[in-house]
Amino acid sequence: MSTVTFDSNIIPSFAAETTAEAGAAARPLAAVTGAELQAPLIQGGHVRYANLDYGASAPALTIVSAHLNEILPYYASVHRGAGYASQISTSVYENSRNIVREFVGGRADDSVIFTRNTTDSLNLLAGCLPHTDGQPVGEVLYLDIEHHANLLPWQGVPHRSVVAATTLAATLDKLRAELAQGGVSLLAVTGASNVTGEILPIAQLASLAHEHGARIVVDAAQLAPHRRINIAEADVDYLVFSGHKLYAPFGAGVVVGRPDWLDSGIPHLAGGGAVREARLDSVSWATGPARHEGGSPNVLGAATLARATQVLAGLDQEAWHAHEAAIRSYLVEGLEAIDGVTVHRIFSDSEDTIGVVNFSVEGFDAGLVAAYLAAEHGVGLRDGRFCAHPLLKRLGLPSGSLRASFGVGSRLEDATRLLAGIEGLKRDGLGWDYVVDEGRWVPANDHRSYPEWAPNTPGTAGAAPCTVD
């Protein structure tokens with residue numbers, strides 16, 4: 001296998017790396033599995049894969065991968081097994097709740113319920129909204145900038161939405177005015193935009209909700225992998241996030257929050273383990289996490305999610321934020337220096353951001369740019385509408401844009417590779433022919449080899465292009 005060595009001479013012309021940036025982000029902050037993965041190039045040879053798609057699914061931390069191998073021999077059914085392995089698995093699973101609760105600064109009585117992912121968590125909470133005499137008490141209020149996970153579950157219950165303003169300050173004013181009208185039981189907000197990376201002031205939003213008699217749920221799928229959250233200090237009622245974005249495999253998600261709504265809500269999965277007593281035509285449901293965790297739970301997903309939170313909790317906060325900020329500022333500066341490239345944001349006054357940068361390249365479809373970067377430069381990033389269709393439409397990007405996202409396993413060279421690829425595209429154009437196959441741009445006549453166990457090659461797996469308005 002031939003390897004293409006990265007040439008430092010192709011550092012984009014906008015600027016050289018500063019000493020501060022190089023020092024903070026020249027190397028990964030933490031080791032991740034697959035960091036040296038070699039990606040085949042369409043023109044021949046291989047190059048280290050520059051993973052700039054952490055916002056979709058982050059690679060597993062190597063410590064988490066090692067923990068998985070350590071506990072796999074003990075993997076067994078939980079809660080109802082008397083055997084040695086089952087007892088160990090049950091202990092690991094239940095202790096994972098305590099670890100996750102501690103990671104987010106949960107209150108002593110907060111429930112910790114494991115789910116499939118953030119989407120599952122929010123759908124679970126939608127079934128736990130308060131009712132009186134079978135009728136919902138109040139409405140759910142949300143912004144138009146939300147990921148579909150924090151948008152679609154609320155459309156099945158009484159709800160109203162607010163179009164975010166062009167500043168955070170004005171957006172808070174709009175939410176305050178809406179809440180003041182009364183009738184809202186839950187404010188549902190994102191902690192950080194999955195499209196632009198902008199962080200919302202969750203403590204202020206929690207205070208705003210509580211002033212008007214509402215509770216708050218924070219979608220922290222993007223925020224939790226980048227910032228420590230203390231829900232007790234911020235007075236957040238419910239927090240949800242996913243393991244697959246937090247450097248843990250298996251896709252487990254979690255709901256952490258006040259138990260009263262959760263204990264009286266509709267059981268999320270009707271099945272074994274969720275009941276006190278089942279009869280032929282009726283049932284008495286359990287309370288606590290068991291109420292919503294019917295069936296055999298994702299033991300390994302919960303255990304690896306918990307281990308990942310321990311690793312992140314052990315990071316030096318200042319170094320963590322400096323590493324991410326260095327890559328982001330370098331990438332944003334570089335993109336803005338390239339003619340025809342636009343970096344997108346929601347709010348003109350937002351200052352705090354996570355490792356997400358959204359941009360578009362004038363004259364090129366976002367999907368084509370993504371395919372070009374992958375095939376010709378070994379750079380992976382996301383294109384499309386990011387399951388946030390209303391937001392992309394208001395940003396003037398109805399057909400989609402590009403998103404580069406990074407984290408503790410990233411290095412400055414990943415951003416440099418992306419910038420070099422965009423500069424090359426603008427200067428020289430595409431180096432290969434591309435076609436649309438099942439809704440995705442792919443290289444024409446692609447003869448690259450892939451692992452023999454991989455059933456699909458590019459273009460044959462299909463996709464959900466999300467282009468229909």
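Below, all heavy atoms of this structure are taken into account, side chains as well, without hydrogens, waters or symmetry copies.
Remark: Phe103 engages no residue in a ring pair (Phe, Tyr, Trp, His ring centres under 6.0 Å) (not counting sequence neighbours).
Nearest heavy atoms, Leu172 versus Leu208: O-CD2, 3.7 Å. Considering all non-hydrogen atoms of both residues, Asn51 and Tyr54 come closest at O-CE1, 3.4 Å. Shown here for Lys426 and Val361, the closest heavy-atom pair between the two residues is CD-CG1, 3.8 Å.
The side chain to side chain contact (heavy atoms under 4.5 Å, CB included) with Leu418 is formed by just one residue from the set Ile422, Thr416, Asp414; it is Ile422. Applying the side-chain hydrogen bond (donor to acceptor under 3.5 Å, both in side chains) test between His226 and each of Lys245, Glu324, His321 identifies Glu324 as the sole match.
A side-chain donor-acceptor contact under 3.5 Å links His244 to the backbone of Ala56.
Shown here is Glu102, whose CD atom has no more than 12 heavy atoms of other residues, nucleotides or ligands within 6.0 Å. Residue Asp339 qualifies as open at atom CG: its count of foreign heavy atoms under 6.0 Å is 12 or below.
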>> Pair Leu391, Ser193 - check side chain to side chain contact (heavy atoms under 4.5 Å, CB included), show working.
In response: CA-CA 10 Å; Leu391 175 56; Ser193 170; 4.1 Å; yes
>> Before you tell me yes or no, could you show the steps for Ile231 and Asp110 under side chain to side chain contact (heavy atoms under 4.5 Å, CB included), namely the whole-Å CA-CA distance, both residues' side-chain angles and the distance that decides it to 0.1 Å?
In response: CA-CA 10 Å; Ile231 62 173; Asp110 277 339; 3.5 Å; yes
>> What verdict does the side chain to side chain contact (heavy atoms under 4.5 Å, CB included) test give for Ile99 and Gln310, after you've listed the backbone C-alpha separation in whole Å, the side-chain angles of each residue and the deciding distance to 0.1 Å?
In response: CA-CA 7 Å; Ile99 295 171; Gln310 290 178 315; 3.5 Å; yes
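Using the six-membered ring where Trp is involved, His148 and His389 have ring planes that are perpendicular, over 60° apart on the 30 and 60° scheme.
Salt-bridge check for Arg411 with Glu36: passed, with a basic side-chain N closer than 4.0 Å to an acidic carboxylate O. The pair Arg440-Asp383 meets the salt-bridge criterion, with a side-chain N (NZ, NE, NH1 or NH2) lying under 4.0 Å from an Asp/Glu carboxylate O. Taking the charged nitrogens against the carboxylate oxygens, Asp235 and Arg258 do have a contact shorter than 4.0 Å, which makes a salt bridge.
Checked against the 6.0 Å centroid criterion, the rings of His377 and Tyr372 qualify as a close aromatic pair.
Note on residues 51-70: pairs passing salt bridge (Lys or Arg N to Asp or Glu O under 4.0 Å), not counting sequence neighbours, are Asp53-Arg382, Asp53-Arg403. The salt bridge (Lys or Arg N to Asp or Glu O under 4.0 Å) pairs that include a residue from residues 172-197 are Arg160-Glu178, Asp173-Arg176, where partners are two or more places apart or lie in different chains.
Atom CG of residue Leu125 and atom NE2 of residue His268 lie 10.5 Å apart, to the nearest 0.5 angstrom.
With hydrogens and angles left out, the side-chain atoms of His344 and Ser360 include a donor and acceptor closer than 3.5 Å.
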